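Position 1 is the first residue of the sequence, and the numbers go up from there. Since the structure is predicted, the reported quantities are computational estimates derived from the model, not experimental observations.
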Amino acid sequence: MTLYRGLAAGFGALLLTACQPADTVDALETTTDEAVVAHDTSFQVDVSYYQLDNGLRVVLSEDHTVPTATVGVYYGVGFRNEPQGRTGFAHLFEHLMFQGSANLPHGAFDNLIYGSGGVNNGSTRYDFTNYYEVVPSNALQAILWAEADRMASPNLDESQLDNQREVVRNEVFVNVINQPYGGWIWIDLPMAANENWHNAHNFYGDLSDLDAASLADAQGFFDTFYAPNNAVLVVAGDIDKGETLAWIEEMFGPIEAGAPLPQIDTSEPRQNAEKFASQEDALANQPALAVGYHMPERGTPEYYAMAMLDQLLLQGDDSLLTASLVNEEGYASGVFGGINLLGNAFNYDGPMLWTVGLIHDSEFTVSEVMGTLDATIETVRSEPFSAADVERARTKLLADFYATADTGTRFGLVDLLAAFALFDDDPSRINRITEGFEQVTPELIRATAEEYLRPTNRTVLEVRLAPDDAGSPE
């Protein structure tokens, strides 16, 4: 139910009528084609894709290796969709969806999950809000019924709104305000780097905006964004696809489709001048530096090249920035960052930053750190990598991708299938993801670095130590 537990800890803060019968349903995509299988047999996911008459997209993946089922309901609404003057509202509404529904009073949903030996949670990201459960496969029917009940009629009332508003306020204090570095790299840097309000606001929520959120706001948000035609349902694991689809048709099919979704412009202009920002932190004991570069559009050849550059420059002990900033100059004990700090390189659908961050020793100046960073990146912009370096990066990246998709809980798999269905209308893309990376050449990497790692495409955010006499935050 948190915004993103792992991120906060890691940074120190850090449906009109039923669809056709199962045997005649219109499958938009099923499994993978033989050409992909012949090309790479090391990783193949069973994928069947359907759409109900009310617009709900359904992805089923059958795998009997572990006797559990993982359910994910993804709604196409995240931080970028929340209305101006209501920062943090997408996250607040995520909390409200856990407060019961028409046939499951507050607490009953969790009791149903835990009583079956399962786990559940939810999160809010840039472009979606998700709710997921991992349960023994014999509990799947009950969990699908519960998710359908929540989609059809959540319990939205004044007392629950007041209660969850306070919960989110406390999260803001615990994860941001009263934490050293707070939301420095995952909230403040995007706010400084982006021009469009939808990408550049405090998505955790301004306290005054949270206080002003009303029950009418909540109901309007639900009516607009939480309809089946703005959702993807993924079920993966020890299931019978025919039986599971029949349950989904019965339970989700009668939910009415919503009105056409509002069109929101989230585009960013091309950045042509370097940006600088700074902030003082009374709780920090060392200065910090974050650098954000605007990414190429997701799915383009340059996007795949940037993912490879991320591996070469930043990820792992063999990365170039670790070598120069940590091993050679000793500015910090480590560097961190990547593409989409609130998820991964695949589960977003809009403007994004590639981010580098480090907490460095006070004896070093920003100019020194940036000088070394610039020198490292300039070599990448001017000289192509060797074929061996590119192949090493590709191997690392694909290993990370496979590790994400192949976990005991299957949550990583469900997340990828949902993202590819939600953003690309093509969950079987999971079986072709290698194609984009196989086409990346040393020349494409150099050209991508030249354009997207130029200083005029970046924002530098400095965290300074507060004066010794500065008061601590309340």
Side-chain angles (χ1 to χ4, degrees), residues 1-3 15-16 54-56 71-114 120-125 127-133 142-172 203-233 251-262 264:
M1 240 176 286
T2 61
L3 183 68
L15 303 150
L16 198 55
N54 57 15
L56 178 68
V71 177
V73 181
Y74 281 59
Y75 295 91
V77 54
F79 307 127
R80 299 191 220 260
N81 305 84
E82 57 194 13
Q84 296 195 35
R86 293 294 181 268
T87 59
F89 195 81
H91 178 216
L92 173 61
F93 194 87
E94 174 219 319
H95 279 251
L96 290 174
M97 287 289 282
F98 282 90
Q99 303 311 300
S101 54
N103 296 294
L104 287 167
H106 178 54
F109 191 101
D110 288 341
N111 291 337
L112 176 64
I113 305 295
Y114 304 145
N120 73 314
N121 212 326
S123 68
T124 310
R125 310 295 178 90
D127 303 293
F128 64 82
T129 304
N130 66 342
Y131 307 86
Y132 63 90
E133 300 84 31
I143 302 311
L144 290 173
W145 172 81
E147 280 289 12
D149 199 54
R150 177 158 62 176
M151 180 183 288
S153 51
N155 182 16
L156 302 178
D157 63 35
E158 202 73 53
S159 64
Q160 299 291 3
L161 175 61
D162 291 342
N163 175 272
Q164 292 308 304
R165 180 180 12 239
E166 196 60 30
V167 170
V168 173
R169 283 176 56 90
N170 287 337
E171 280 191 22
V172 172
F203 50 75
Y204 220 145
D206 183 272
L207 295 179
S208 62
D209 284 354
L210 291 171
D211 289 339
S214 69
L215 186 60
D217 291 331
Q219 187 63 57
F221 197 78
F222 174 79
D223 293 342
T224 301
F225 295 110
Y226 274 70
N229 49 302
N230 192 38
V232 171
L233 168 63
M251 298 169 187
F252 290 86
I255 304 175
E256 292 188 5
L261 293 165
I264 298 174

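- In this structure, the salt bridge (charged side-chain N to carboxylate O under 4.0 Å, His left out) partners of Glu133, at least two apart in sequence or on a different chain, are Arg150.
- Of all non-hydrogen atoms in Met97 and Pro154, the two that sit nearest each other are SD-CB, 3.8 Å.
- Not a single donor-acceptor pair under 3.5 Å links the side chain of Asp127 to the backbone N or O of Gly78.
- In this structure, Pro262 and Thr224 have side chains that are in contact, with non-hydrogen atoms separated by less than 4.5 Å.
- Using cut-offs of 30° and 60° for the angle between ring planes, the Phe221 and Tyr226 rings count as tilted.
- When the side-chain hydrogen bond (donor to acceptor under 3.5 Å, both in side chains) test is applied to Asn163, no partner is found at least two apart in sequence or on another chain.
- Annotation: side chain of Leu156 is not in contact with side chain of Leu161 (no heavy-atom distance under 4.5 Å).
- Side-chain contact between Gln164 and Glu94 is absent, with no heavy atoms from C-beta onward closer than 4.5 Å.
- Between Asn130 and Val73, every side-chain heavy-atom pair lies at or beyond the 4.5 Å cut-off.
- Relative ring orientation between Phe128 and Tyr74 is described as tilted, the plane-to-plane angle lying within the 30° to 60° band.
- Residues meeting the salt bridge (charged side-chain N to carboxylate O under 4.0 Å, His left out) test with Asp217, sequence neighbours left out: Arg86.
- For His91 and Phe203, the gap between ring centers reaches or exceeds 6.0 Å.
- By the side-chain hydrogen bond (donor to acceptor under 3.5 Å, both in side chains) test, Tyr132 pairs with no residue at all, sequence neighbours left out.
- When all heavy atoms are compared, the tightest approach of Val168 to Tyr204 is CG1-O, 4.3 Å.
- Every side-chain hydrogen bond (donor to acceptor under 3.5 Å, both in side chains) that Asp206 has, sequence neighbours left out, goes to Ser208.
- Here the CG atom belonging to Leu104 is positioned 5.0 Å from the CG atom belonging to Asp149, to the nearest 0.5 angstrom.
- By the salt bridge (charged side-chain N to carboxylate O under 4.0 Å, His left out) test, Arg169 is found to be paired with Glu166, Asp211, residues two or more places apart in sequence or in another chain being considered.
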